[in-house]
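Just so you know, these numbers come straight off a predicted model, no measurement behind them. Convention: sequence-line order gives letters A, B, ...; per-chain numbering from 1.
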2 protein chains.
Amino acid sequence: MTEKQPPPAPLGLALRHAHLRAARTFAEELRPLELENVYAAVLINLGLLGSQTQRQLMDSVGSDKSAMVRHIDSLESRGLVRRRPHPTDRRAHAVELTDAGEAALAEVLVAASRTEERLLTCLEPAERGRFRELLGRFAYPAPERTCE
Amino acid sequence: MTEKQPPPAPLGLALRHAHLRAARTFAEELRPLELENVYAAVLINLGLLGSQTQRQLMDSVGSDKSAMVRHIDSLESRGLVRRRPHPTDRRAHAVELTDAGEAALAEVLVAASRTEERLLTCLEPAERGRFRELLGRFAYPAPERTCE
DNA sequence: TATTGTTATACTCTATAACTATA
DNA sequence: TATAGTTATAGAGTATAACAATA
């Protein structure tokens with residue numbers, strides 16, 4: 001096989017590898033909790049932002065709406081979240097953490113911070129904040145015309 | 001629903017959104033070619049690195065080995081790649097681009113560079129190289145003990 | 001013994017579309 | 001008319017395991 005130095009990987013491939021690496025590390029850290037990455041992401045979002053509609057959770061977690069129905073079903077059957085009537089929109093559900101969900105979230109946050117610590121050892125301490133900041137703007141572009 | 005300012009997203013979630021955004025943009029640019037992202041990634045890798053085993057392609061594209069079998073099957077049935085006997089390892093296949101594959105690759109590279117241009121408009125020109133560099137080290141950590 | 005590629009399985013996600021009840 | 005949530009479907013990916021040929 002040809003043995004060349006790998007040229008700079010295409011941006012999309014680098015993002016795929018970065019995401020795979022992060023997802024695998026997170027999955028390892030979550031294994032003792034018997035929680036999958038997506039479920040952990042839902043709990044984290046509910047913890048950060050409080051009660052959310054399924055629509056909001058879709059957007060913040062990045063799953064589509066039928067997947068989100070199943071995720072909430074699973075989390076609800078495990079007693080970690082509950083669906084409540086939305087106070088102003090009768091079509092929507094307000095999904096919120098139960099007490100068991102709050103407890104699970106605390107463990108998830110520990111797993112998440114251990115994950116980030118492991119992932120970021122690749123970068124110099126001074127670079128870590130810069131990377132997060134650039135990644136944040138790349139991942140969540142402001143809806144201005146500078147960013148289509 | 002609670003209306004707080006979103007705190008800095010967890011690293012893993014930001015990577016997921018970043019990858020989703022890139023994958024969707026790339027899929028849009030690839031639509032006229034009737035090629036899916038993974039197939040394009042295989043072609044790009046073959047173009048960059050020359051003939052590769054399926055094992056090598058798995059690693060560089062990030063698919064598992066049974067998925068890679070199907071990808072190569074599809075690309076081969078479209079006449080874009082061919083499997084050749086590996087010169088030194090008789091278990092392995094040397095996967096290489098056909099002439100039609102080289103032609104398709106040229107179009108894929110145009111789509112890829114348009115994609116990157118669109119994606120990176122979120123960042124100031126001066127930040128783009130920095131982001132790629134940090135992302136590259138994050139995604140492809142050197143196998144030293146500084147990076148587990 | 002370990003690895004490359006192949007096949008098969010079960011499970012999950014994605015994309016799509018319909019449907020309801022609301023807005 | 002559009003949206004939130006639900007359900008159903010087909011297609012593709014993932015994870016796992018087995019297997020043959022070869023290292």
In whole angstrom, what separates K65(B)'s NZ from dA21(D)'s C1'? 13 Å
Counting just side-chain N and O atoms, does R55(A) come under 4.0 Å of either OP1 or OP2 of dA4(D)? yes
Under a 4.0 Å N-O cut-off, is there an ion pair linking R83(B) with E96(B)? no
Rounded to the nearest Å, what distance is computed from the NE2 atom of residue H19(A) to the P atom of nucleotide dC13(C)? 13 Å
Want to settle it: does L20(B) or D89(A) sit nearer the 5' end of DNA chain C, counting the closest nucleotide to each? L20(B)
Of G62(A) and R90(A), whose nearest nucleotide on DNA chain C comes first from the 5' end? G62(A)
When the distance from CG of D64(A) to P of dT16(C) is rounded to whole Å, what number comes out? 10 Å
V69(A) side chain, from C-beta outward: closest of dG13(D), dT6(D), dT14(C): dT6(D)
Gap between atoms CE and P, on M68(B) and dG13(D) respectively (whole Å): 10 Å
Examine dT6(C): is either OP1 or OP2 under 4.0 Å from a nitrogen or oxygen in the side chain of H93(B)? Give yes or no. yes
When S66(B) and H71(B) are each assigned the nearest nucleotide of DNA chain D, the 5'-most assignment goes to H71(B)
Give one of base, sugar-phosphate or nothing for R24(B), where a contact means two heavy atoms less than 4.0 Å apart. nothing
Do L33(A) and V38(A) share a hydrophobic cluster (ILVMFWY, side-chain heavy atoms under 4.5 Å, transitive)? yes
Starting from the 5' end of DNA chain D, give me the residue, A67(B) or I72(A), whose nearest nucleotide shows up first. I72(A)
Once the angle between the rings of H17(B) and Y140(A) is folded into 0 to 90°, is it parallel (under 30°), tilted (30 to 60°) or perpendicular (over 60°)? tilted
How many whole angstroms separate atom CZ of R91(A) from atom C1' of dC19(C)? 15 Å
Select base, sugar-phosphate, or nothing to describe what S74(B) touches, counting heavy atoms under 4.0 Å on all strands. nothing
Between dG13(D) (P) and E36(B) (CD): distance, integer Å: 6 Å
Hey, are the side chains of L80(A) and L97(A) touching, using non-hydrogen atoms and a 4.5 Å cut-off? no
In whole angstroms, the gap separating C1' of dT6(C) from CG of L57(B) amounts to 16 Å
What nucleotide, of dT6(C), dA4(D), dT14(D), holds the atom closest to the side chain of A92(A)? dA4(D)
Taking CD from Q54(A) and P from dT22(C), how many angstroms apart are they, rounded to a whole number? 15 Å
Is a salt bridge present between R130(A) and E133(A), judged by a nitrogen-to-oxygen distance below 4.0 Å? yes
